[in-house]
Structures are given as C-alpha cells and as structure tokens.
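First the structure, in the form of structure tokens, and then the observations on it.
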Amino acid sequence: MSLQELVFLGVAGITLAGACLAVTLKNVFYNALSLILCLFGVACLFIFLGSEFLAVIEVILYIGAIAVAILFAIMLSRPMFQKNVKRNPAKILQAFAVSAALFVGLARVIRSTPWPAAETDGDYGLAAIGKNLLTVSLVPFEAVSLVLLVAIIGALVLSAKGEPR
Amino acid sequence: MSQSLESYLFISSALFAAGVYGMLARRNLVALLISLELILNSASLNFVAFNRFLLADKTAGQVFVVFIIALAAAEATIGLSLILLLYRKKHSINIEEAKELRG
C-alpha cells in the first residue's frame with residue numbers, strides 16, 4: 001500500500017471520527033470542536049479530489065467563520081452549564097436505527113451501481129472556476145450575494161430585537 | 001483507493017447518516033445546527049467527487065460547492081441569531097422549550 005493510500009485512510013478516519021463525535025458527545029462545546037476536526041478532514045479530502053480552491057475555502061469559511069460563530073453562540077447562550085435533561089433511550093435507539101438503515105441503503109445503492117470509468121484530467125484551476133462563476137452561473141452568483149445580504153440584515157434585526165432596553 | 005469514486009461516496013453517506021442521527025437524537029438547538037453542517041458537508045463532498053470522476057467540465061461541481069458554502073454561512077448566521085433570541089427569552093435552547101411560535 002502506497003503512502004498516498006495510507007494518508008487517505010487516515011484522513012477518512014479523522015473525518016468519520018469527527019462526525020461521530022460531533023453528534024454523540026454530550027457537551028455541546030466538544031461537539032463544535034469535533035465538527036472542526038471533521039471539516040478539516042473534508043478539506044483534506046477536497047485536496048485528494050484535486051480542488052485546492054475548495055479546500056482553502058472550506059478552512060477559511062467553514063472553520064474560520066461558521067464553526068467560530070457556533071462557538072460564539074455556545075458561549076453566549078451557555079448551554080454547557082445547564083443540567084442535561086435525560087433522554088428517552090428508546091428514542092435514541094430509534095434515531096440510530098433510522099440513520100443506520102439510511103447508511104446501509106445508500107451503501108447498497110453505491111455498491112450495486114456500475115460507475116463508468118473515471119476521467120480525471122481537466123482544468124481544475126481557480127481561473128476556470130472564476131470564469132464559470134461570472135459567465136455560466138452569473139445569475140445564481142448574484143442571487144447568493146443577495147441572500148447573504150438579506151441574512152446579514154436579518155441577523156442584525158433579530159439580535160437587536162431581543163436586546164433588553 | 002483514493003482514486004475511486006465509491007470510497008468518497010461511502011465517506012459522504014457516512015457523514016450524512018451521522019448528521020441525520022444528530023438531527024433526530026439531539027435536543028439542543030446548537031447541536032442541531034452542527035448536524036445540519038454535517039449534512040451540507042456530505043452533499044458538497046458528493047458534488048466534488050462526482051465532479052472529479054464523472055463530469056467532463058471540471059468547474060461545474062466546484063461552483064456548486066461554493067454556492068453550498070455561501071448558503072450554509074447565511075443559514076448559520078440566521079440560525080445562531082434565532083438561538084440567541086430564544087435564549088434571551090426562555091433562558092434555554094432546548095427545542096422542547098420552543099413550542100409556541102407567537103411573537
């Protein structure tokens with residue numbers, strides 16, 4: 001087994017371990033930290049898939065902005081210091097059964113589909129992505145910028161509303 | 001193994017299953033948001049994997065993932081400010097506490 005395969009297995013293991021810890025640990029702060037681990041693994045997988053641009057974006061935007069915003073929200077709303085309400089174990093078991101059935105079904109579909117042979121050469125570069133963003137997908141690009149603007153204004157309005165005067 | 005489509009699809013469906021488990025089992029709103037990010041990440045991993053192995057135009061999938069990340073950022077902003085608002089009103093972010101949606 002070559003070094004590349006070993007690194008790939010390690011990255012996949014880190015990603016899956018982060019994902020499992022992010023949903024199973026009791027403390028929400030540890031959940032957010034495991035989410036960061038998982039996102040870092042996904043960024044490494046993007047590098048394996050040839051898109052360095054998306055790996056950088058994943059680290060800067062997901063880890064640097066979204067995960068840090070989640071950490072801020074955890075600290076501001078202090079869910080760590082409240083006592084945990086005991087969950088009904090039957091409900092947890094049901095949730096586990098649903099997600100396990102989902103995974104088994106997806107895995108069977110993936111195994112049984114005959115995928116065509118890979119063709120991996122092409123232009124993955126940043127220049128090609130930029131050209132696509134400003135020609136073919138210009139309208140969704142503008143729509144996303146509008147959505148982000150509305151989200152910023154909405155977040156400001158919502159957080160000003162609850163401020164005690 | 002790092003150059004087969006199926007291994008990436010397995011990883012992404014495992015991420016999706018973990019996210020669905022978190023959505024169903026957790027009661028903390030921030031934990032639900034974390035599970036949602038996991039589900040969105042599994043979708044973007046799928047997009048990039050299919051983009052690499054099946055698509056002739058290598059930019060289309062990557063552009064899609066840029067859109068997914070931008071929408072995830074918007075959703076996280078709104079979700080977190082709603083969570084803070086709920087915490088100020090109820091002093092709890094358990095979703096069982098957010099039963100009534102009146103003003």
Side-chain angles (χ1 to χ4, degrees), chain A residues 4-5 8 12 15-16 19-20 22-23 28 31-32 35 39 42 45-46 48-51 53-54 57 61-62 65-66 69-70 73-74 76-77 79 85 92 95-96 98-99 102-103 106-107 110 115-116 118 120 122-124 128-129 132-133 137 140 144 147-148 151 154-155 158-159 161-162, chain B residues 1-3 5-11 13-22 24-28 30-31 33-35 37-38 41 45 48-49 52-54 56-60 62-63 65-67 69-74 76-78 80-85 87-89 92-94:
Chain A
Q4 193 187 3
E5 303 295 295
F8 177 76
T15 312
L16 295 183
C20 292
V23 291
V28 194
N31 286 152
L35 177 73
L39 294 177
V42 173
L45 288 177
F46 283 167
F48 270 104
L49 286 165
S51 11
F53 170 64
L54 285 181
I57 286 289
L61 261 177
Y62 252 116
I66 299 181
I70 289 178
I74 291 173
L76 284 174
S77 64
V85 190
I92 301 235
F96 184 76
V98 167
S99 66
L102 207 61
F103 177 71
L106 283 173
I110 292 167
W115 301 106
T120 54
D123 193 359
Y124 293 88
I129 298 173
N132 188 318
L133 268 180
S137 37
V144 161
V147 167
L148 279 175
L158 281 178
S159 42
K161 202 175 171 186
Chain B
M1 193 187 301
S2 66
Q3 290 309 318
L5 174 62
E6 291 182 23
S7 49
Y8 292 99
L9 293 185
F10 279 128
I11 294 173
S13 37
L15 283 186
F16 183 71
V20 169
Y21 170 77
L24 292 175
R26 303 302 298 271
R27 281 296 169 269
N28 186 320
V30 178
L33 211 62
I34 289 174
S35 317
E37 301 297 342
L38 281 181
N41 259 288
L45 191 59
V48 182
R52 173 150 176 101
F53 294 109
L54 295 182
D57 173 13
K58 297 296 182 196
T59 58
Q62 303 191 49
V63 167
V65 174
V66 172
F67 290 149
I69 291 177
L71 290 178
T77 336
I78 295 290
L80 292 174
S81 54
L82 281 176
I83 288 171
L84 287 186
L85 198 61
Y87 177 73
R88 284 191 195 132
K89 285 220 193 297
S92 159
I93 56 170
N94 192 315

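Naming convention: chains lettered A, B, ... in sequence-line order (proteins, then strands); numbering from 1 in each chain.
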Please classify the contact of [X] with chain A as side chain, backbone, both or neither, using a heavy-atom distance under 4.5 Å.
X       : result
B:Ala70 : both
B:Leu9  : both
B:Leu45 : both
B:Leu5  : side chain

Can you tell which part of [X] gets under 4.5 Å to a heavy atom of chain B, answering side chain, backbone, both or neither?
X        : result
A:Asn31  : both
A:Ile129 : both
A:Ala22  : both

Side-chain donor or acceptor of A:Ser137 paired with backbone N/O of A:Asn132 under 3.5 Å: yes
With no hydrogens and no angle check, is any side-chain donor or acceptor of B:Ser7 less than 3.5 Å from a backbone partner on B:Gln3? no
Heavy-atom pair count under 4.5 Å with chain B, highest-scoring of A:Ile92, A:Leu106, A:Ile66: A:Ile66
Among the options A:Pro116, A:Gly154, A:Ala19, pick out the one with the most heavy-atom pairs lying under 4.5 Å from chain B. A:Ala19
Shorter than 4.5 Å, heavy atoms on both sides: which option in B:Val66, B:Leu38, B:Thr77 has the most such pairs with chain A? B:Leu38
